[in-house]
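Treat the numbers as computed from the prediction; the structure is a model and nothing was measured. Reckoned from all heavy atoms, side chains included, excluding hydrogens, waters and symmetry mates.
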Amino acid sequence: VLTGAADLRTHLAESLTWDIAKMFGVFLLFYLMLMVGFMVAAMFAIASVWLTILVLLFFLVFLAKFTLVIPAMFVGGMNFSDAIRYSNQNITWSRALRLLGIIVLAILIMIVGLMIVGMLAIVLAKVPFIGIGLQYLLQWVLAGFMATLGSAALVGLYYRYEKEDDYEEE
């Protein structure tokens, strides 16, 4: 970039590969499954609140069993069906329940941290001229941090369950 002119079309072609479309499709599929689970849990709300909570907990643990699908596809190079099989094989029901607890705890910690930083962003927005720019910059940095943290957690989880056959010789 420093030595020549940047060609946006070339860089977009390098960035927007078929893998990005596949990742978007997998995220969309999991999002639709999550919405169906919420709708099913809402239908059980007619019968009982406790039944609704149990159905929602079961569905969230069920989805947690498939947290290795995306890293297996993009880090491990597996196709979709192999990635589902890999995730289902390595994430048992008890591991999925523990993983869901870790996810909920991490989300709560991030919410508290983001609320504190959000209050700082509100104060920064009141600074004349540059305050709103600083607020937007802070929001972009936090969004990047959360995306990086989520990606690192998924890749770390993938390597946690990767077979260590290659390393046994050393």
Side-chain angles (χ1 to χ4, degrees), residues 15-121 138-170:
S15 299
L16 299 176
T17 61
W18 177 244
D19 287 340
I20 300 296
K22 286 193 306 187
M23 187 182 299
F24 178 73
V26 172
F27 276 123
L28 187 64
L29 178 68
F30 284 140
Y31 178 74
L32 291 174
M33 288 173 55
L34 184 66
M35 289 300 110
V36 167
F38 281 137
M39 286 189 275
V40 169
M43 286 190 284
F44 279 102
I46 296 171
S48 169
V49 172
W50 295 110
L51 185 61
T52 303
I53 292 171
L54 285 176
V55 167
L56 190 60
L57 181 65
F58 170 77
F59 196 75
L60 289 174
V61 170
F62 176 75
L63 282 179
K65 280 185 65 69
F66 298 104
T67 52
L68 284 179
V69 170
I70 292 172
M73 285 178 69
F74 300 104
V75 176
M78 299 179 190
N79 62 22
F80 185 68
S81 60
D82 289 339
I84 286 179
R85 190 177 309 112
Y86 177 80
S87 183
N88 195 27
Q89 176 185 357
N90 288 303
I91 304 292
T92 61
W93 287 100
S94 63
R95 285 179 182 167
L97 186 61
R98 285 182 282 174
L99 187 60
L100 181 65
I102 291 169
I103 290 170
V104 168
L105 183 63
I107 287 173
L108 289 175
I109 290 171
M110 280 198 298
I111 285 174
V112 170
L114 291 175
M115 284 177 54
I116 293 169
V117 174
M119 287 185 237
L120 176 66
L138 186 61
Q139 289 173 356
W140 278 98
V141 167
L142 288 176
F145 173 73
M146 289 174 48
T148 304
L149 186 66
S151 299
L154 287 176
V155 170
L157 188 65
Y158 171 75
Y159 282 119
R160 161 74 173 86
Y161 294 111
E162 184 184 37
K163 297 205 182 332
E164 298 182 0
D165 296 333
D166 299 335
Y167 304 111
E168 290 180 0
E169 297 173 0
E170 296 178 5

Taking all non-hydrogen atoms of both residues, which atom of [X] and which atom of [Y] are closest, and how far apart?
| X | Y | value |
| --- | --- | --- |
| Tyr158 | Gly76 | OH-CA, 3.1 Å |
| Met146 | Leu114 | SD-CD1, 3.3 Å |
| Met33 | Phe62 | CE-CE2, 4.0 Å |
| Asn90 | Arg95 | O-NH1, 2.5 Å |
| Tyr86 | Leu68 | CE2-CD1, 4.0 Å |

Minimum side-chain heavy-atom gap [X]-[Y] below 4.5 Å:
| X | Y | answer |
| --- | --- | --- |
| Leu99 | Leu157 | yes |
| Val75 | Leu154 | no |
| Val26 | Met23 | no |
| Ile70 | Phe27 | yes |

Under 3.5 Å, side chain of [X] to main-chain N/O of [Y], donor-acceptor pair present?
| X | Y | result |
| --- | --- | --- |
| Ser151 | Ala147 | yes |
| Thr52 | Ser48 | yes |
| Thr67 | Ala64 | yes |

Return the [atom1] to [atom2] distance between [X] and [Y], rounded to the nearest 0.5 Å.
| X | Y | atom1 | atom2 | value |
| --- | --- | --- | --- | --- |
| Gln89 | Asp82 | CD | CG | 11.0 Å |
| Met110 | Leu142 | CE | CG | 10.5 Å |
| Asn79 | Arg85 | CG | CZ | 7.5 Å |

Give a yes or no on this: more than 12 heavy atoms of other residues, nucleotides or ligands lie within 6.0 Å of atom [atom1] of [X].
| X | atom1 | result |
| --- | --- | --- |
| Leu108 | CG | yes |
| Met35 | CE | yes |
| Phe80 | CZ | yes |

Review point. Using the ring of each side chain (for Trp, its six-membered ring), is Phe58 parallel, tilted or perpendicular to Trp93, with breaks at 30° and 60°?
Key: parallel

